[in-house]
Structure formats: C-alpha cells, structure tokens
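The structure appears right after this line, and notes come after that.
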Amino acid sequence: MTNDPDQDVVRRALALTAGAVRPPADLLDRARRAGRRRVRRHRALAGALAVLLLAGGLSAVGYASRPPTVTALGATIGERLLGGPTRGDLAGHADYLRTVTDLHERARHDSPLRGLGVTRNPAGPAHVTWAGTTMSGRAAVVAQRMRLASGDRGVLVTFVGTGVDGRPEKVGADFYGSGDRTGGQSVAFLVGPERSTLVVLDVGIEVEYSLNRTYTADKVIREYWQPVRFIDGVALITIGPQRNRWTVAVRERAGAYLGIGNLTDPEETTPQQGWLGWRRPADADHPAAEPAYLVLGEGEGTVDLPDIAQSRRILAKALGEPEPQSPPWLGMDWIAVGRTPTGADLVAGDLRMGTDPVRTLVRLHQPGTTPVVVVGPVVDPAGPVVVRLPDGRGWLVVRPGATLSWSDGRGAWQPAGRDGAVLPAGATQVRVGTVPVRLG
C-alpha cells in the first residue's frame, strides 16, 4: 500500500462520491489537483460504480457469436496491448517509435494516475502497441508493465496524438490492473486539435460506437450503435469535434461500455459550468457549497422526507447506470422533495449528462407501486423550471427565491408558496412573482 498523500486525497473524494455525498470544497480542489476526475472514471469502471448497460439482443449481421464480456477481459486488455509486434503504417519508422517512447517516459508522471502510485516503478521496457497515420495526424499507443507498491503488476498506457506544432503530444493515459481487474478499460482515444478522430484499438473484442444521446420522457438512452471495423490493429473514425461537448460513446458488443482514454478536457467539464446559480454558497456553518434544498408543501406531512445525500442517491437510482465517460451531475444546483396531492413521494433535481444542457430529473413513488421517472425538457435559465408530471399528477414548478401562485383560468389566483410547488393538473398558469407563465 502506498503512502502517497495524493492517493489518500483521491480515495477520500471517491469514497464520498460513491456514497452520493458532496465532498467538501477543499477536498474537491485537492482531489482535482491529484487527478480526481480521471481517477474517478477508472474506479467507476472497476468498482461499485461499474457500468454494465445491457443493450438487448445481438444483431445477426456481422456478428457470428457473442464475444467475451469486458468484465472478463478487464485484466487482460493491458497484456494484449503489450503482446505482439507494433502494428500500423508507422510500425517501421524507428525514429517516430523512439520519439513516442521517449515522450511516454518523460510524461509518465504527468498524469492523474500518479495519485494512484502506478507510474513509478517500471517492470519492463516500453512497447509501442500501434503507430499510424490518422486523419488528424500521427498517433500511437505506448504500453509498459509497471510494478505496484503492493507487489502486483499492471500495465500503464500512454495515448499519443499530434499537437498544433506538428510534434507528438500526450493526449491521455490509462492503467490496467492484473488479477483483480483494477484500473480502466479504455480501448479508444481521441486525436486532433478538436478531438475529432476516434482511434479504437483492436484488443480481441467486437466494439461499436454511438454519436447520439437521446432524452425521452422517462430515460436517457443511446441510439444508432454502429459496428467498428478494425484494420491492422485499429479503427480510425471521423466523428466531429468532441473537445467542448462530447457526443461519442464506445461499448463492447455484449453491452458493456468501454472507456475513452482522453474524452474529457478538464477546463470544459467542471460541473459548475452551465448551471443556474442556485447553489447555496459556502459559509462558516457549511464550508462546502450545497444545492438549494426545497421542501414542497412544507408542513403537509414532510417530516420524513429525504435529505440532500439521500435525494441524490434516489435520483441516481432513478437514472439507472449511465455511460461512464459522460457521468451525470445530479442535484448539483438544487434539489426538491415533497409529496403530490395524490400522496406520491417526489424527489427532483437538476440533471446534466456530460456537457449536455441542464434538464430536470423527477422520481415519483406512490407506496405499493413502481416508481415513475420523469426527464424534463431543457431548462431555460431565464424562467422557472416547469415539468409536467404524468398521469394527471400535475406540474412541478421551481424557482428559488420566487413567490408562486397558480390559476386554472376560471377563478382567482391560488397561493402556492415560495421557491417550488406541485400544482394540480388543472392549473393553466403559474405566476412567478408578478410574472404569469402559461403551462402546457
């Protein structure tokens, strides 16, 4: 076990995140410096947050048999990248291979993986798995066996692209454990100034990719999966810019999502970007900023409603198991709890998948029945959050700081409290402060 303080910071932040508790701001900052964002994806793929979304039946076209699942291959991906000769059209270019190997060595510690103590002790020479020419310049994959403090061994991988200066640049890294399947499962990476070329490595499994994330009334799904065709060890796919807003996902044909070694760009994916600014700022009593916590219909049987941490867990369960490379940020800005007039427990909060626009996720549960999940429309920051609840349950309206009232168009305005409310199905207008907003 390593005594690296960076690793301790990462572990603490991961433990809090896995429990759906927002870590303190100072711990988040330190963990971010230690590479929390990247490490979280590694651990999420291997531990309790592992994503195994099953995509239904297999197509008979182009797939003669079901390949092994990623969970069975997790410990061997690194070994596959180490084995065999260098592939790709640059395999015979000794100068380029030497350049990318040297880059791997120089930049080995320049990675969030350093916080896990997996970059220090080589247990063998670096090996260029693949080196080739893409639509966005030269690229390569360098693998090296590493010795861990625990005595175990794993494989460190560096993904290389071409920088704006025409020289090789490190664009990502991953680590593959041995025996216990710790580490990541990245079999792909993005290259080019706008990260517009997807390089998928051939590690002996059938892979497919999707560029479409779709929001329906009650779920977030991936559509239009296309098979990946390998040639000489890789597939090179032009997918359009991914640096600022990614749309791509990669999965193994049996349904398990795979990692993309450099999908995120830290400056573009901080959770605070794109939110509505409703979070309660940190103060002496609450050193970490927290979402606005709204109790709907306060005083009407709300004593046993879930707190912020419980609400986040409820929303995460309602969402299901999302793709690992586009983690959902749930209830970062606000959370609302309460009960509908029909007696259903309600938990709601803001939802953002990756860098997609913010929406609203609602979970309704009538005792004795199956919970109902609602995915709202894109939120307009200039107006209130308005979500129609299914089966005549009414409307959820949220606007922290605003006094709310409603009308059915036939009588006087009825008061609905402050910050948020569940309005009856017959409501046709809501008044936010003094501004009327038509429903429907």
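Below, all heavy atoms of this structure are taken into account, side chains as well, without hydrogens, waters or symmetry copies.
Counting only distance, with no hydrogens or angles, the side chain of H93 and the backbone of L97 share no donor-acceptor pair below 3.5 Å. In this structure, T86 contributes its side chain and V128 its backbone to a donor-acceptor pair below 3.5 Å. Checking side-chain atoms of D333 against main-chain N and O of W278 turns up a donor-acceptor pair under 3.5 Å. Judged by distance alone, with hydrogens and angles left aside, the side-chain atoms of N262 form a donor-acceptor pair with the main-chain N or O of L190 at under 3.5 Å.
Here the straight-line distance linking atom CG of L315 with atom CZ of R363 works out to 9.0 Å at 0.5 Å rounding. With rounding to the nearest 0.5 Å, the separation of OH in Y257 from OG in S210 is 7.0 Å. In this structure, CG in L423 is found 12.0 Å from OG1 in T340, a value given to the nearest 0.5 Å. Here the CG atom belonging to D95 is positioned 11.5 Å from the CG atom belonging to L90, to the nearest 0.5 angstrom. The line from CH2 of W225 to CZ of R253 is 10.5 Å long, rounded to the nearest 0.5 Å. The CG atom of D174 sits 11.5 Å away from the CD1 atom of I260 when rounded to the nearest 0.5 Å.
When the shell of 6.0 Å around CD1 of I221 is examined, it contains more than 12 heavy atoms from other residues, nucleotides or ligands.
In this view, A143 and L81, L82, T129, V155, V157 satisfy the side-chain contact (heavy atoms from CB on, under 4.5 Å) rule, not counting sequence neighbours. Judged as a salt bridge (Lys or Arg N to Asp or Glu O under 4.0 Å), and not counting sequence neighbours, the contacts of D345 are R339. Taking the salt bridge (Lys or Arg N to Asp or Glu O under 4.0 Å) definition, one finds that R359 meets it with nothing, sequence neighbours left out. Annotation: side chain to side chain donor-acceptor pair (under 3.5 Å) contacts of D89 (sequence neighbours excluded): T133. Every residue meeting the side chain to side chain donor-acceptor pair (under 3.5 Å) condition with T158, not counting sequence neighbours, appears here in chain and number order: H104. Applying the side-chain contact (heavy atoms from CB on, under 4.5 Å) rule to R106 yields the partners D102, L103; only residues at least two apart in sequence or on another chain are considered. Looking at residues two or more places apart in sequence or on another chain, you find a side-chain contact (heavy atoms from CB on, under 4.5 Å) between R87 and W130, D202, D232. Applying the side chain to side chain donor-acceptor pair (under 3.5 Å) test to T247 and every residue at least two apart in sequence or in another chain returns Q242. Remark: T119 engages R108, H109, L113, R114, L156 in a side-chain contact (heavy atoms from CB on, under 4.5 Å) (not counting sequence neighbours).
Among residues at least two apart or in separate chains, ring pair (Phe, Tyr, Trp, His ring centres under 6.0 Å) pairs with a member in residues 187-220 are F159-F189. Screening residues 154-173 for salt bridge (charged side-chain N to carboxylate O under 4.0 Å, His left out) gives E169-R195 as the qualifying pairs, with residues at least two apart or on separate chains.
The shortest non-hydrogen separation linking R120 to P122 is O-CD, 3.1 Å. For the pair Y176 and V187, the tightest heavy-atom approach, listed with the atom from each and the gap, is OH-N, 4.4 Å. When all heavy atoms are compared, the tightest approach of D307 to Y293 is CA-OH, 3.9 Å. Nearest heavy atom pair, residue A402 against residue G433, reads CB-N, 4.5 Å. Closest non-hydrogen pair, R229 versus A235, comes out as O-CB, 3.2 Å. Among all heavy-atom pairs drawn from P291 and M332, the shortest one is CB-O, 3.5 Å.
Side-chain contact between L346 and L389: present, with at least one pair of heavy atoms (C-beta onward) separated by less than 4.5 Å. Within the 4.5 Å cutoff, no side-chain heavy atoms of P168 are placed close to those of T162. Contact annotation: the side chain of I314 approaches that of P306 to within less than 4.5 Å [non-hydrogen atoms, C-beta and beyond]. Inter-residue side-chain proximity for T197 and I237 is flagged as unmet; no heavy-atom pair is nearer than 4.5 Å. Two residues are said to be in side-chain contact when any heavy atoms from C-beta on lie closer than 4.5 Å; V250 and V207 meet this criterion. At a threshold of 4.5 Å between non-hydrogen side-chain atoms, the residues L439 and V430 count as touching.
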**Report entry** side chain to side chain contact (heavy atoms under 4.5 Å, CB included) evaluation trace for V347 with V362
**Finding:** CA-CA 6 Å; V347 177; V362 184; over 6 Å; no
Requested in this report: Run the numbers on D218 and V375 for side chain to side chain contact (heavy atoms under 4.5 Å, CB included), then give the verdict.
Outcome: CA-CA 5 Å; D218 61 352; V375 178; 5.6 Å; no
Query raised in the report: Between R312 and I335, does a side chain to side chain contact (heavy atoms under 4.5 Å, CB included) hold up when you go through it step by step?
Result: CA-CA 8 Å; R312 281 207 181 108; I335 285 175; 3.9 Å; yes
Report task. Take F175 and L148 through the side chain to side chain contact (heavy atoms under 4.5 Å, CB included) test and state the conclusion after the steps. Result -> CA-CA 11 Å; F175 175 78; L148 308 184; 3.7 Å; yes
Distance-only check: which donor-acceptor pairs under 3.5 Å involve side-chain atoms of residues 391-401, not counting sequence neighbours?
residue, atom, partner, partner atom, Å
D391, OD2, R393, NH1, 3.3
R393, NH1, P390, O, 3.4
R399, NH1, P381, O, 3.4
R399, NH1, G383, O, 3.1

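Exactly one of V358, V379, L319, T360 qualifies for a side-chain contact (heavy atoms from CB on, under 4.5 Å) with L351. That residue is L319.
Salt bridge status for R213 with E223: absent, with no side-chain N to carboxylate O gap under 4.0 Å. Salt bridge R251/E208: present, at least one basic N to carboxylate O contact under 4.0 Å.
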